[in-house]
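Here the structure is laid out as C-alpha cells; the discussion comes afterwards.
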Amino acid sequence: MQLTRCDNGHYYDASKHSSCPHCGVQNLDIDFQKTVAKRPSDAGGRPAEAAGGGEGKTVGMFHKKMGIDPVVGWLVCVVGPDRGKDFRIHSERNFIGRSEKMDIAITGDESVSRDNHAIVSYNPKQNIFRIYPGESRGLAYLNDEEVITPLELKAFDVIELGQSKLVFVPFCGDKFVWTPEETSSEEKRED
C-alpha cells in the first residue's frame, strides 16, 4: 500500500480512494447516467461485469477527471473481525464477499463466502435500497430473518453475513438524491 498526501496534509490509500476521504468530495458535478449494452453471462450464470469485467456495466458517469461513482450509502460493521470498518455502497448492484474483487469486501471474516455472499442494490429511479441473497452457500440475514428473496432495506437495518453484523446507513433517500445535470456540448460530441 502506498499512501498519498492531500493538499491539507492527510494521508490516504490512493488505490482505494480517488480523492482524500478525510476532506470529502469537493465540487461534485453529476453529468448523466450512461448505459452500455450488457455482456453475456460467465460460466456461473452471473453477468460478466459481476465476474470482474468492467465493460458492459451500467454506471453513473460523472466528471471524467474525477473518475468516481458517488456513494449512496454505507454498511458499517458493528460485530465481527472488521468491527468499526465502513463499506461504501454505490448506485445499482454491489456484490458482497470476502474477495478483494467484490464491491464490498469483508476481508476479515473467514465465514463470509469469497464471492457473492449477498448483493445490496440501490435503484436510482425508485430511490430504493434492497438486499438480495447471493449465489454462495452462506446465508444472509436481514434483522435476523433469512434473505431468500429481495427485501427492501431501511435505515439502520442489520445485515448478518457469517460472523459479521453490518448496519445499513443510507445517504440517498427522502432528503437527498444524486440528480443528473445537463452535459456540456463538448462531452456530447465525445460520445
Side-chain angles (χ1 to χ4, degrees), residues 6-8 10 12-14 16-36 49-50 54 57-80 82-97 102-106 116-134 140-161 164-184 187-188:
C6 76
D7 294 336
N8 293 325
H10 303 119
Y12 65 96
D13 185 353
K16 293 185 178 184
H17 305 283
S18 59
S19 63
C20 178
H22 305 288
C23 296
V25 179
Q26 304 296 319
N27 302 321
L28 181 63
D29 293 328
I30 300 170
D31 290 335
F32 57 91
Q33 287 283 66
K34 182 176 180 178
T35 303
V36 180
E49 61 268 23
K57 233 182 189 182
T58 302
V59 295
M61 296 297 292
F62 300 91
H63 270 247
K64 292 176 185 175
K65 64 184 173 191
M66 296 185 80
I68 62 168
D69 184 8
V71 67
V72 296
W74 298 269
L75 294 177
V76 180
C77 185
V78 294
V79 173
D82 288 335
R83 184 172 184 248
K85 187 173 180 182
D86 68 311
F87 305 92
R88 292 179 180 189
I89 301 171
H90 297 280
S91 191
E92 300 180 1
R93 298 192 315 169
N94 296 264
F95 294 89
I96 304 173
M102 296 288 98
D103 300 304
I104 297 172
I106 304 173
N116 299 339
H117 195 115
I119 301 166
V120 169
S121 73
Y122 171 69
N123 180 333
K125 289 187 177 186
Q126 296 178 338
N127 197 24
I128 295 174
F129 290 88
R130 289 192 178 96
I131 184 168
Y132 297 79
Y141 297 90
L142 176 62
N143 300 323
D144 291 327
E145 294 292 324
E146 182 181 352
V147 178
I148 55 175
T149 60
L151 298 172
E152 189 171 340
L153 285 170
K154 300 291 184 194
F156 299 99
D157 277 347
V158 177
I159 297 170
E160 187 174 347
L161 307 169
S164 298
K165 289 188 179 184
L166 307 152
V167 173
F168 168 66
V169 182
F171 178 58
C172 292
D174 295 336
K175 299 192 185 267
F176 179 84
V177 292
W178 295 107
T179 56
E181 294 178 4
E182 188 64 23
T183 59
S184 69
E187 288 171 329
K188 287 180 184 176

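Scope of the values below: all heavy atoms of this structure, side chains included, with no hydrogens, waters or symmetry mates. All values derive from a computational prediction rather than experimental measurement.
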Inter-residue atom distance [X].[atom1] - [Y].[atom2], 0.5 Å rounding:
{"X": "Leu153", "Y": "Asn143", "atom1": "CG", "atom2": "CG", "value": "8.5 Å"}
{"X": "Asn127", "Y": "Phe176", "atom1": "CG", "atom2": "CZ", "value": "10.5 Å"}
{"X": "Glu160", "Y": "Glu146", "atom1": "CD", "atom2": "CD", "value": "11.5 Å"}
{"X": "Arg88", "Y": "Asn94", "atom1": "CZ", "atom2": "CG", "value": "12.5 Å"}
{"X": "Leu161", "Y": "His117", "atom1": "CG", "atom2": "NE2", "value": "4.5 Å"}
{"X": "Ile89", "Y": "Cys172", "atom1": "CD1", "atom2": "SG", "value": "10.0 Å"}

Side chain proximity check, [X] to [Y], heavy atoms < 4.5 angstrom:
{"X": "Phe171", "Y": "Trp178", "answer": "yes"}
{"X": "Leu166", "Y": "Val158", "answer": "no"}
{"X": "Ile159", "Y": "Lys165", "answer": "no"}
{"X": "Val120", "Y": "Ile96", "answer": "yes"}
{"X": "Ile106", "Y": "Cys77", "answer": "no"}

**Sidechain-backbone polar pair: Asp157 side chain, Lys154 backbone, donor-acceptor under 3.5 Å** = yes
**Prompt:** Ignoring hydrogens and geometry, is there a side-chain-to-backbone donor-acceptor pair from Asn123 to Gln126 under 3.5 Å?
**Reply:** yes
**Message:** Just to verify, which of Trp74, Phe87, Phe156, Phe129 counts as forming a ring-ring contact (aromatic ring centres under 6.0 Å, His included) with Phe168?
**Reply:** Phe129
**Prompt:** Taking it one step at a time, do Arg83 and Val78 satisfy side-chain contact (heavy atoms from CB on, under 4.5 Å)?
**Reply:** CA-CA 5 Å; Arg83 184 172 184 248; Val78 294; 5.7 Å; no
**Prompt:** Is it true that atom CD of Glu145 has more than 12 heavy atoms of other residues, nucleotides or ligands lying nearer than 6.0 Å?
**Reply:** no
